[in-house]
Number of protein chains: 2
Amino acid sequence: MTASQVIKRGELARRSGCNLETIRYYENIGLLQPPERTASGHRLYPPGDQARLGFILRGRDLGFSIEELKSLLSLVDSHPYSCGEVRDLTNNHLASVRAKIADLTRLERTLADVSARCEGGDVPECPIIDTLFGRGPGAR
Amino acid sequence: MTASQVIKRGELARRSGCNLETIRYYENIGLLQPPERTASGHRLYPPGDQARLGFILRGRDLGFSIEELKSLLSLVDSHPYSCGEVRDLTNNHLASVRAKIADLTRLERTLADVSARCEGGDVPECPIIDTLFGRGPGAR
DNA sequence: GTACTCCCTGTAGTAACTACAGGTTCAAGC
DNA sequence: GCTTGAACCTGTAGTTACTACAGGGAGTAC
C-alpha cells in the first residue's frame with residue numbers, strides 16, 4: 001500500500017475503475033461525503049474516501065442497491081456497528097438474488113422449450129409467435 | 001372467444017391485466033398503433049389490438065425488451081414473417097437470460113459464503129464488512 | 001341538472017447511472 | 001509571461017420501462 005495522499009476526482013476514477021461522473025453522483029445522493037476542496041473548488045480525496053468508494057463499488061458488484069449500501073455504510077459509520085444487522089441485510093439481499101435466479105430459470109426453461117419446438121420444424125406455423133399470441137401449447 | 005367488439009382503454013386494461021397508463025405508453029413508443037377514436041377522442045380497440053397487447057405482455061413476461069418486442073412485432077407484421085429470424089431473436093434473448101443466471105449464481109455463492117462466515121461467529125470483526133472493504137479472504 | 005366515473009392530455013418521478021454543454025483552473029512548454 | 005491542452009467545475013438531460021399525478025372534458029345514472 002503506497003497510495004496514501006489526497007487525490008483528485010480524475011485520479012480516484014482511474015484508480016477505482018469507477019466512472020468520473022458516478023463519483024459526483026454518489027456524493028450528490030449522500031453515499032460519499034462531500035470532500036475537502038482546493039481554494040479553487042477541486043475535490044480532494046484522502047485515503048479514507050478512496051476506501052469508502054471501494055466499499056461501495058464492491059457492494060455494487062454484489063448487487064446491493066444504493067439504499068442497501070446506504071444502510072450498510074451507516075452501520076459501518078456507527079462504531080461499533082452491529083454485525084447482526086449487517087448479516088440480516090446480506091441475507092435479505094441473498095434471498096432476493098435467489099428469487100431472481102428462480103424467476104430467470106423458469107424463463108429460461110420456457111424460452112428453451114419454445115425455441116426447441118421451433119427448431120424441430122415439424123409445425124406449420126411459428127410456435128414462438130403462437131406462444132406469444134397465446135395460441136400455442138406453450139401458452140402460459 | 002366471445003370478446004369481439006371494440007372496447008375502450010379502461011376495459012382493455014382490465015381484460016389484459018395491463019396498467020392503464022402502460023397502454024398509452026406503448027402507443028407513444030410505437031408498440032401499439034394509434035387506434036381509432038370516438039368523435040370526442042376516446043380510444044377504441046378492436047380485437048386485433050387486444051391480441052397485439054396480449055402478445056406484448058406475454059413477451060414482456062418472457063423478459064423481452066421493448067426493442068426486441070418491436071423487432072418481433074415488425075417480423076409478425078411482415079407476412080410472411082421469417083421463422084428463422086424469430087428463432088434467432090429468441091435464442092439471443094435466451095443467451096442473455098442464461099448469462100444473467102450465471103452472473104447471479106456467482107453472486108449468490110459469494111453472498112452465501114460471506115454470510116456463512118459471519119454466522120460462524122469465530123472471527124473478531126465482521127467478515128461481510130471486511131469483504132466489502134477488500135480486506136477479507138472473500139475479496140474478489 | 002348534477003354527481004360520479006371514465007377518459008383525455010402533458011409532465012414528472014422511479015433506479016442508477018452516463019453524457020453533454022459551457023465555463024474555470026492547472027501544469028507544461030516556449 | 002503567455003499560450004495551449006488536459007483536467008476540473010456546474011447544472012441539466014438522456015437512458016429503460018414504466019407509473020403516477022394534475023387539471024380538464026365526456027358519458028351515464030338518477
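All of these numbers come straight from a predicted model, not from anything done at the bench. Chain letters run A, B, ... following the sequence lines, proteins first, then strands; residues in each count from 1.
Heavy atoms of R43(A) sit under 4.0 angstrom from primed sugar atoms or phosphate atoms, though from no base atom. Using a 4.0 Å heavy-atom cutoff across all strands shown, F64(A) reaches no nucleic acid atom at all. R37(B) comes within 4.0 angstrom of the backbone, heavy atoms only, and of no base. R60(A) comes within 4.0 angstrom of the backbone, heavy atoms only, and of no base. Residue contacts shown for S65(A) are limited to sugar-phosphate atoms, with no base heavy atom under 4.0 Å away.
Mapping L69(B) and S40(B) onto DNA chain D via the closest heavy atom, the residue that lands nearer the 5' end is L69(B). Looking at which nucleotide of DNA chain C each of C18(A) and A39(A) is closest to, the 5′-most match is held by C18(A).
At whole-Å resolution of the value, CD in E11(A) and C1' in dA27(C) are 15 Å apart. Remark: C1' of dT16(D) and CD1 of I56(B) are 16 Å apart, rounded to the nearest angstrom. The separation between L32(A) atom CG and dC17(C) atom P is 12 Å, rounded to whole Å. Atom CD in E27(A) sits roughly 17 Å away from atom P in dT18(C) (whole-Å rounding). We find that CG of L31(B) is positioned 13 Å from P of dT16(D), with the value rounded to whole Å. The nearest whole Å value for the distance from the CD1 atom in I29(B) to the P atom in dT15(D) is 12 Å. As rounded to whole Å, 15 Å separates atom P of dA12(C) from atom CD of E21(B). Rounded to a whole Å, the NE2 atom of H42(A) is 17 Å from the P atom of dG23(C).
Nearest to the side-chain atoms of K8(B) among the listed nucleotides dA19(C), dG27(D), dC18(D) stands dG27(D). When distances are taken from the side chain of R24(A) to each of dT10(D), dA16(C), dA17(D), the shortest belongs to dT10(D).
The side chain of R9(A) contributes an N or O atom lying less than 4.0 Å from OP1 or OP2 of dC9(D). Contact between the side-chain N/O atoms of Y26(B) and the OP1/OP2 oxygens of dC18(D) is found at a separation under 4.0 Å. Of the side-chain N and O atoms in T22(B), one or more sit less than 4.0 angstrom from OP1 or OP2 of dT19(D). The side chain of N28(B) contributes no N or O atom lying less than 4.0 Å from OP1 or OP2 of dA17(D).
Between the side chain of R98(A) and the backbone N or O of E108(B) there is no donor-acceptor pair closer than 3.5 Å. With hydrogens and angles disregarded, a donor-acceptor distance shorter than 3.5 Å links the side chain of T131(B) to the backbone of P127(B).
Ion pair R52(A)/D77(A) flagged as a salt bridge, since at least one NZ, NE, NH1 or NH2 atom sits closer than 4.0 Å to an Asp/Glu carboxylate oxygen. Comment: R109(A) does not engage D113(A) in a salt bridge, judged by the lack of any side-chain N to carboxylate O separation of less than 4.0 angstrom.
Rounding to the nearest 0.5 angstrom, the gap separating the CG atom in L32(B) from the CG atom in L12(B) is 8.0 Å.
The shortest distance between side-chain heavy atoms of Q50(B) and R15(B) falls below 4.5 Å.
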